[in-house]
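The structure under discussion appears below in the form of C-alpha cells.
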Amino acid sequence: MRLLFLGDLMGRSGRNAATDALPDLRQKLKLDFVIVNAENAASGFGTTSKIAGQVIQAGADVISGGNHTFDQKELLTAIGADGRILRPVNYPPGTPGRGYNIYDAPRGKKVLVINAMGRVFMNAMDCPFRAVDDILKKYRLGATVDAIVVDFHGEATSEKMAMGQYLDGRVSLVVGTHSHIPTADCQIFDKGTAYQTDAGMCGDYNSVIGMDKEEPISRFLTKMNKERYNPASGEATVCGTFVETDDRTGLAKRIEPVRMGPRLMEHIPRI
C-alpha cells in the first residue's frame, strides 16, 4: 500500500495549500490512503467540521488531532458523529470522540489509524504507550489489518523516538506531529516500522512555527503577551511523509519526505 501523512495544517494558508495539493499528490503517488493532521487548521487553533469536510473532500481519508483538538468547541459534537475525525486516544475516559478507527482502503485493505499524544512538556494525559498497547492487543498487523499508522503528537523528540522504537515491528508507520518543523530522520527500524520524528507543518515557513513573527519574537524579548498569535498568511509549503508497505506483512518497504512549496527544498517521491 502507498500511504501519505501530511503534517499539521497551519491556518488558512496551510490548509489551502494542502487541499490544493492533495488531488495531484493522490494521482502522482498512486496513493491508497491519506491522513492529515488538522489540529491547527482553524486560525491556528483546532479545526471545525466544515474545515475537516473540505480536507476530506480534497482527498484525505482521516483527520487526526492533538493538544488543540477541542479549541473550536463546535467540534465537540462533530467529532463524536464522524469516525474520520480523530483526537488523541489517551485523553481521559469520557472525552468526546475516538482516538483510533479502522478504515477501508482499495483492494479490500484495512487501515488502522491511531492518534496519541505525548506527555513530556505537554498537558497531563493518560499514558500513550499503554493506550496504544491496549489497541494493538486487539488488532495485529498483517493479520486483522493491512496497515497501522500512529500519529504521535508530542513536543520531545526523545519521547517520539521511544514510541517509534517501542512499536517497531508492530505498526507500519510512527510519525510525529506538533513541532511544525520537518526532521531529517526518515528511516525504517530494524523490525520494519517506518519512522519520522516530525512530519513538519503545512504552512508558511516565513514565520515562527507558522505564526506571524512579530508577536512570538516580542514575547521572547519582553516576557509579555501584547497581542494574540495569528497564523502567517504567506505562501505555504506542504510537508508530509510517504510510506510504501509490504502487502503481505504490512511493514514498511520505503519511506520518504514530501515537500512542496517555496521555503524548503522540494521533494516528491518518484513512483
Side-chain angles (χ1 to χ4, degrees), residues 3-12 14-19 21-23 25-26 31-105 110-118 122-123 125-126 128 131-132 135 139 145 147-154 171 173-178 180 199 201-203 210 231 238 240-241:
L3 313 173
L4 176 67
F5 183 95
L6 291 186
D8 312 41
L9 304 189
M10 189 63 196
R12 183 187 300 273
R15 72 174 188 258
N16 285 349
T19 53
L22 268 175
L25 284 171
R26 285 204 76 123
L31 296 172
D32 297 300
F33 202 79
V34 176
I35 305 156
V36 177
N37 186 296
E39 71 125 18
N40 300 117
S43 300
F45 299 95
T47 191
T48 66
S49 55
K50 179 179 178 181
I51 290 172
Q54 291 170 345
V55 177
I56 289 169
Q57 186 175 17
D61 296 287
V62 183
I63 303 294
S64 58
N67 58 305
H68 290 295
T69 293
F70 295 112
D71 283 4
Q72 305 294 325
K73 300 309 178 188
E74 174 265 353
L75 198 69
L76 287 168
T77 300
I79 200 169
D82 193 336
R84 297 170 297 181
I85 306 174
L86 299 179
R87 47 84 173 160
V89 68
N90 53 319
Y91 270 105
T95 302
R98 68 190 75 196
Y100 73 96
N101 207 357
I102 295 177
Y103 304 93
D104 293 326
K110 300 287 186 183
V111 180
L112 169 60
V113 181
I114 304 171
N115 191 185
M117 190 155 72
M122 302 285 281
N123 295 334
M125 301 287 284
D126 294 345
V132 174
I135 299 166
Y139 305 103
V145 292
I148 303 176
V149 177
V150 178
D151 171 359
F152 192 42
H153 196 79
V171 305
L173 168 67
V174 176
V175 59
T177 54
H178 180 68
H180 291 197
M201 69 173 176
C202 297
V238 172
T241 309

* Structure fact -> In terms of heavy-atom contacts, A18 and L6 come closest through CB-CD1, 4.2 Å
* Structure fact -> Those residues at least two apart in sequence (or on a different chain) that pass side-chain contact (heavy atoms from CB on, under 4.5 Å) with A105 are M1, F33, K109, V111
* **C202 to G7 - nearest heavy-atom pair and separation** => SG-O, 3.6 Å
* Structure fact -> Smallest heavy-atom separation, G65 atom then P88 atom, equals C-CD, 4.2 Å
* **Considering all heavy atoms, the nearest P93-D126 contact** => CD-OD2, 3.7 Å
* **Qualifying salt bridge (charged side-chain N to carboxylate O under 4.0 Å, His left out) pairs with a residue from residues 35-51, counting only residues at least two apart or across chains** => none
* **N101 side chain to G83 backbone, donor-acceptor under 3.5 Å** => yes
* To do: Quick one: which residue pairs count as a salt bridge (charged side-chain N to carboxylate O under 4.0 Å, His left out) with a foot in residues 51-67, not counting sequence neighbours?
  => R26-D61
* Which of these, I135, V171, V150, sits in a side chain to side chain contact (heavy atoms under 4.5 Å, CB included) with L112? -> I135
* To do: Only counting residues at least two apart or in another chain, list the ones meeting side-chain contact (heavy atoms from CB on, under 4.5 Å) with A52.
  => I63, I85
* To do: Mind listing the closest non-hydrogen atom pair of V175 and A199 along with its distance?
  => CG2-CB, 3.8 Å
* Starting at OH of Y139, measure out to CD1 of I114 and round the result to the nearest 0.5 Å. => 9.5 Å
* Taking ring-ring contact (aromatic ring centres under 6.0 Å, His included) as the test, write out the residues that go with H178, two or more places apart. => H153
* To do: Quick one: do V55 and L9 satisfy side-chain contact (heavy atoms from CB on, under 4.5 Å)? Show the steps, please.
  => CA-CA 10 Å; V55 177; L9 304 189; 3.8 Å; yes
* Validation row: V62, N115 side chains within 4.5 angstrom (heavy atoms) -> no
* side-chain contact (heavy atoms from CB on, under 4.5 Å) partners of A42, counting only residues at least two apart -> T48, I51, Q72
* To do: With sequence neighbours excluded, give me every ring pair (Phe, Tyr, Trp, His ring centres under 6.0 Å) pair touching residues 43-64.
  => F45-H68
* How would you list, by chain and number, every residue that makes a ring-ring contact (aromatic ring centres under 6.0 Å, His included) with F70, sequence neighbours excluded? -> Y91
* L75 side chain reached by R87 side chain, heavy atoms, under 4.5 Å -> no
* Between the main-chain N or O of M201 and the side-chain N or O of D8, is there a donor-acceptor pair closer than 3.5 Å? -> no
* Structure fact -> Residues passing the side-chain contact (heavy atoms from CB on, under 4.5 Å) test with V149, sequence neighbours excluded, are L3, I35, L173
* Can you check side-chain contact (heavy atoms from CB on, under 4.5 Å) on I79 and T69, steps first, answer last? -> CA-CA 10 Å; I79 200 169; T69 293; 3.9 Å; yes
* Just grab all the salt bridge (charged side-chain N to carboxylate O under 4.0 Å, His left out) pairs involving residues 63-83, residues at least two apart or on different chains. => D82-R84
* Structure fact -> In terms of heavy-atom contacts, P231 and G44 come closest through CG-N, 3.6 Å
* By salt bridge (charged side-chain N to carboxylate O under 4.0 Å, His left out), which residues pair with R12, not counting sequence neighbours? -> none
* Residues in side chain to side chain donor-acceptor pair (under 3.5 Å) with D151, at least two apart? -> N37, S64, T177
* **Inter-residue atom distance D104.CG - D32.CG, 0.5 Å rounding** => 12.5 Å
* Asked: Between atom NE2 of H180 and atom CE of M10, what is the distance when rounded to the nearest 0.5 Å?
  -> 6.0 Å
